[in-house]
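Chain identifiers are assigned alphabetically (A, B, ...) following the order of the sequence lines, protein sequences preceding nucleic acid strands; residue numbering begins at 1 within each chain. Remember, it's a predicted structure, so these values are computed and weren't measured experimentally.
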Amino acid sequence: MSSFWSLWIIALVAINILGSWWLLQANRKIAKGEGATTGHEWDGIQELDNPLPYWWYLMFLGTLLFAILYLIFYPGLGNFKGLLGWSSTGQWEQEVARAEAKYQPIFDRYGQMSVEQLQSEPQALKMGQRLFATNCSVCHGSAATGSYGFPNLTDAEWIWGGQPQAIEASILHGRQAQMPAWGPALGDEAIKQVTEYVLQVSGRDADPQLAQAGAEVFASTCAACHGPDAKGNPALGSPNLTDAAWLYGGSRAEIAHSVRAGRQGQMPAFADQLGHERVRIVAAYVYSLNEASGQSSP
Amino acid sequence: MKPEPDLVPTRTIDDSQELNLYEKREKIYARHVEGLYQKIRLFTGWPLLMAYFITPWISWDGRQAILWDLPARKFYIFDWVFWPQDFMFLAWVLIIAAMGLFMVTNWLGRIWCGYTCPQTVWTAIFMWAEQLTEGSRIQRMKLDAAPWSTDKALRKGTKHVLWIGVAFWTGLTFVGYFTPIRALLLDLLTANAPLIAYAWTLFFTLATYINAGWMREQVCKYMCPYARFQSAMFDQDTLIVSYDPNRGEPRGPRKRSADHRAEGLGDCIDCRVCVQVCPTGIDIRNGLQYECIGCALCIDGCNEIMDKMGYPRGLIRYTTLRALNGGTTKLLRPRPLGYAAVVLGMCAMLAYGLWSRVPLELDIIRDRSRLYETGVDGWIENTYRLEILNMDQQPHRYRVSAEGIDQLQLRGPQEVEVAGGEAASVPVRLAVPPTGVVPGSSKVTFQVETLEDKPQRVSEPSRFIAPLPR
């Protein structure tokens, strides 16, 4: 605020306080014989000007005194910050610090336990569920079952590995998938062939002739990442192509499109946003989902 | 009862040329009086007082029977535990209280003010303490006029100690409805209570002390909204405390033996007892006034005088404007009957609401980031988060189900255990086989019920979204 507007506000406040005081004093007494009514009259009903109790007058003075004291201690007079130095940001920071002091020990304790140890801490898993709902469910869904482009976290198929350390690393540092676009390099015919081969290895109806040709394309182009048996490689984030889980859809057209245009799936890193302790707790929750579904399915 | 002089002039005469628009309060020295209506007041006041002071000390099921735990947002009333979600009941109770007050006021005038209002009851207690330490009305007036002395200081000091004692216990009891009173009392006495407990106890102690000790009738005259809108509740047949001018006028002193009728006098001997006993300092003979709280002290005072004079009682009495003007009071009138009908209806609704209340709540949050998913098996899935709130004291095991579409399948936990007073967040999916898909948005209903013989059950609607055919 420029000093002109600061002075302007100070002047307005001062005029208001002084004006209120003047108004109060000016109306304290009336000359005798001025009449027992206020002069207001509606439909023959007159408003009597009966005296108010004296303590009302004192209360008016009290409000004026309160206003002055408030303006001394709290910000209100233009750029003057008040003697207490209070600010809403400062109050918020204090509250955050209080919350940190209260909850940090809990996070510290869980942060020192491993994902496997946390499986037997129901409270930690509950916290993990809430953290998941806030931070992860936007993409992976409340039930962590994922959707098109976002992997299902409850099944046994893991693109980047399903061990506790791998899950934690995925959350901490994020993941960047690199399926190149093979359209220009392979050409339409080879893409058609390799698509039939992928359909065949995942156990579905495929044109055997095209699939046979596709096997050669696969061995020379795709096996480097997806492996000679097409079972993928968690270290590279290349998915297993023989199972039923398809991140970008498993239909003939969708597979062909993935090969032609490539896929750049991205998992953001949460290390800065959540901190190591909370990431450990979320990882434990995600791991527990997998455990639960693993136990329920025979 | 002998007539006493009014030692305090009703208004100070000042000869200045100005009129002060803020006047000092005229202290009211209410004279002690006994009689029928004061006995009635004992029977209305004591049970209410006892209920107020004793209730927080009642234990129930290992906790305080009535406790409004604001930080935990739980409100215990014996076996009931109310949550903020139940605030509708509070609204109903308040509507019933307001309508009940309107009904009673229209029928019986301000008997709430006169007999049961805490302001009146606590003022009566404080006046009793005043009488005990400073003596009768005349003695109090003399004591106030007298210069300071040891006796005066002792009497005044004792009075304030008594006042503060009552006020403290009142404040403590009030705070005791919001935080367990046994621990509160112990902590306050051992200086272990949190600052906020001291602050609130001090606040209610001071409020009681100031209201009942110093403010008294000013609360009724200047602060209480009910005193101001009561006139809207009054009609010709409302019971009021009134002087009978037809019988009393012309007023004037006379000898007891004299035949006042022959002297042309009415029954009022102008002894001013009715004015001296009035706690709000009005003269009831001036007619119905908004300051009159209907306490009937003037009736008891006047009846005593009438007995002494050998006149019939009831020169000041409970009556109605219609009866005063020679008519017959109508008891059954449309207006109070209408209020009564509303009160009865609301009471029935409240009772039904409490009886049919299920201590279980279900909220459904549908995942909004996607319309639907296609499962590994080709089924169309929607994801929901069920918030199951167990408002009961005991833990329950709930069965979750959903219906609304043929072949609808619930994927996720089918049974959930929730501890008493806790909320569980349960992610579930609904799935429909590709052959049974209803395109677009369909209504589905989730149901959560306990696995008991008489299950607690709630259901809540949501939507299931499936792709349109391409």
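Proximity to chain B (any heavy atom under 4.5 Å) is restricted, for A:Trp55, to the side chain, taken from C-beta onward. Heavy atoms of B:Thr383 lying under 4.5 Å from chain A belong exclusively to its side chain. For A:Asp243, no part sits under 4.5 Å from any heavy atom of chain B, backbone or side chain. Contact of A:Tyr148 with chain B is not made at all, since no heavy-atom distance falls under 4.5 Å. Neither the backbone nor the side chain of A:Phe132 comes within contact range of chain B, judged by heavy atoms closer than 4.5 Å.
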Decide salt bridge (Lys or Arg N to Asp or Glu O under 4.0 Å) for B:Lys27 and B:Asp144; before the verdict, give the C-alpha distance in whole Å, the side-chain angles of both, and the deciding distance to 0.1 Å.
CA-CA 10 Å; B:Lys27 187 167 176 183; B:Asp144 276 358; 2.9 Å; yes
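Ion pairing between A:Arg252 and A:Glu196 holds under the 4.0 Å rule for side-chain N and carboxylate O. B:Asp283 and B:Arg285 are joined by a salt bridge, as a carboxylate oxygen and a charged side-chain nitrogen come within less than 4.0 angstrom of each other. A salt bridge is defined here as a Lys NZ or Arg NE, NH1 or NH2 lying under 4.0 Å from an Asp or Glu carboxylate O, and A:Lys126 with B:Glu422 meets this definition.
Between chain A and the options B:Arg370, B:Arg368, B:Lys221, B:Arg385, the largest number of non-hydrogen pairs under 4.5 Å is found for B:Arg370.
Both the sub-6.0 Å distance and the 45° axial angle are satisfied by A:Arg28 relative to the ring of A:Tyr57.
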